[in-house]
Chemist: 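My questions all concern the structure below.
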Amino acid sequence: MEVQALLITFREALEALLIVGIITSYLKRVDHREYTKYVWLGAGLAVLASIGAAILFQVVLTGFAAMGSEIYLKIGIMIVSALLLTQMVFWMAAHSRDMKKNVEGKMDQFITAGNVVGMVIHSFLVVLREGVETVFFFAAITHGNIGAAMQGWGAATGIAIAALVSYFFFKGTMRIPLKTFFKVTGAFIVLIAAGLLVQAISMMQDIGLIGSVMPHVYDLTWLLPEHPIDYEHYVRDHGVAPVFSGEVGVFLKALFGYSSMPSLEEVIAYIGYFVVVYLLVASRRSQKSAVVEKPPAAALDENKKRVM
């Protein structure tokens, strides 16, 4: 859970800090430092609102638990989180290149109109979006115990790393492009999303919401049990210990959705998820290649003149 929290908070906090940093740096560059305080005001209000959203979310989860419907809410949160995490990776890949230009263009409009309220609202919404997404993802990876994720070392470390990366980026001392950072962290985020999807399917099968054609495709308990209890049971039943500890299995399950005895549906969903992601990536690359290879408008006009 802590590693998941670290990766999620790193991605979300980094995106928010980069946008706020771009805004404040631009205001300083165009000699409008007086607006900087309004940007930070909006960001600060968004942090408070995100904490409020976390508390509200926890209250809702507790209410569902009291009604005996908590498991259904958890399943829904895990599925939606898997989709949101995937969308987040693709969104950043598509917008990271033009992010600075778009943000600075927005600030130009606010400065020209003297729209201080617009600056506060803009920075508020930017940070709030990341905060609410983080709360939602925390609910998914902790099965509803948002407070545990917020108080753990993973969330704090993720925010600290994001702050350091942002600091060195704006100081001009960071040599590694942010695009590379987002690609590497994006790969881990995709793995987490796949794990959440598979765990949601497993939970639906556990409560009988969906069936299974083949409950156990294979059994890797001898190699890597899914839980310390499975480790103990294997030792009791076979007289020998599995190759790896159950603690390793718990870690991999929490991080990537590992299962020592997956159903056929879990295996298909896991593989199918990566196939879909690969096809989406391939489609985006082919679209970019088509745009690059397309002749410029001037060249097309010249060709038309020659034909005429």
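Worth saying up front: this structure is predicted, and the values here are computed from it rather than measured.
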Chemist: Testing the basics here: between Val120 and Leu41, what is the closest heavy-atom pair and its distance to 0.1 Å?
Modeler: CG2-CD2, 4.3 Å
Chemist: Under a 3.5 Å distance rule, please check whether Tyr258 uses its side chain to pair with a backbone N or O of Leu224 as donor and acceptor.
Modeler: yes
Chemist: Any Lys/Arg nitrogen of Glu15 or Arg129 sitting under 4.0 Å from an Asp/Glu carboxylate oxygen of the other?
Modeler: yes
Chemist: Carefully, step by step, assess Phe138 and Phe57 under the rule ring pair (Phe, Tyr, Trp, His ring centres under 6.0 Å).
Modeler: CA-CA 10 Å; Phe138 279 0; Phe57 217 122; over 10 Å; no
Chemist: Counting only heavy atoms not in Asp206, do more than 12 fall under 6.0 Å of its CG?
Modeler: yes
Chemist: If you round to the nearest 0.5 Å, how far is CD1 of Ile201 from CG of Leu264?
Modeler: 10.5 Å
Chemist: Quick one: does Glu265's side chain have a donor or acceptor within less than 3.5 Å of a partner on Val213's backbone?
Modeler: yes
Chemist: Are there over 12 heavy-atom neighbours, none belonging to Ile229, within less than 6.0 Å of that residue's CD1?
Modeler: no
Chemist: Tell me whether His216 contacts the main-chain N or O of Met261 through its side chain, where contact means a donor paired with an acceptor under 3.5 Å.
Modeler: yes
Chemist: Please check if atom CH2 in Trp153 has more than 12 non-hydrogen atoms from other residues, nucleotides or ligands closer than 6.0 Å.
Modeler: yes
Chemist: Under the criterion side-chain contact (heavy atoms from CB on, under 4.5 Å), I'd like the reasoning laid out for Ile189 against Arg11: C-alpha separation, chi angles, the key distance, then a yes or no.
Modeler: CA-CA 9 Å; Ile189 292 294; Arg11 280 288 302 228; 4.1 Å; yes
Chemist: Show your reasoning for whether side-chain contact (heavy atoms from CB on, under 4.5 Å) applies to Trp40 and Thr24.
Modeler: CA-CA 9 Å; Trp40 285 114; Thr24 55; 3.6 Å; yes
Chemist: Where the side chain of Ser25 meets the backbone of Gly21, is there a donor-acceptor pair that is under 3.5 Å apart?
Modeler: yes
Chemist: Just by distance, no angles: are the side chains of Glu226 and Ser259 close enough, under 3.5 Å, to form a donor-acceptor pair?
Modeler: yes
Chemist: Return yes if some donor-acceptor pair links the side-chain N/O of His238 with the main-chain N/O of Tyr234 below 3.5 Å, else return no.
Modeler: yes
Chemist: Would you tell me whether Tyr218 and Ser260 have side-chain atoms, one donor and one acceptor, within less than 3.5 Å of each other?
Modeler: no
Chemist: Could you tell me how the ring of Tyr270 sits relative to the ring of Phe274: parallel (under 30°), tilted (30 to 60°) or perpendicular (over 60°)?
Modeler: perpendicular
Chemist: On a heavy-atom basis, which atom in Ser166 and which in Leu17 lie closest, and how many Å separate them?
Modeler: OG-CB, 3.4 Å
Chemist: Determine whether Met88 and Glu12 satisfy the following criterion, side-chain contact (heavy atoms from CB on, under 4.5 Å), listing intermediate values before the conclusion.
Modeler: CA-CA 9 Å; Met88 179 181 74; Glu12 298 291 341; 2.6 Å; yes
Chemist: Can you see whether Glu266 engages Ser263 through a side-chain donor-acceptor pair at a distance of less than 3.5 angstrom?
Modeler: yes
Chemist: Provide the closest heavy-atom pair for Glu247 versus Pro228 in the form atom of the first, atom of the second, distance.
Modeler: OE2-CG, 3.4 Å
Chemist: Identify the two heavy atoms, one from Val132 and one from Ala53, that lie closest to each other, and give their separation to 0.1 Å.
Modeler: CG2-CB, 4.5 Å
Chemist: For residues Pro225 and Ser245, report the shortest heavy-atom separation together with the two atoms involved.
Modeler: CG-C, 4.2 Å
Chemist: Please name the pair of heavy atoms, one in Val135 and one in Ser50, separated by the smallest distance, quoted to 0.1 Å.
Modeler: CG2-O, 3.7 Å
Chemist: Go through Asp108 and Tyr26 one step at a time and tell me if the side-chain contact (heavy atoms from CB on, under 4.5 Å) criterion holds.
Modeler: CA-CA 9 Å; Asp108 271 335; Tyr26 182 69; 2.4 Å; yes
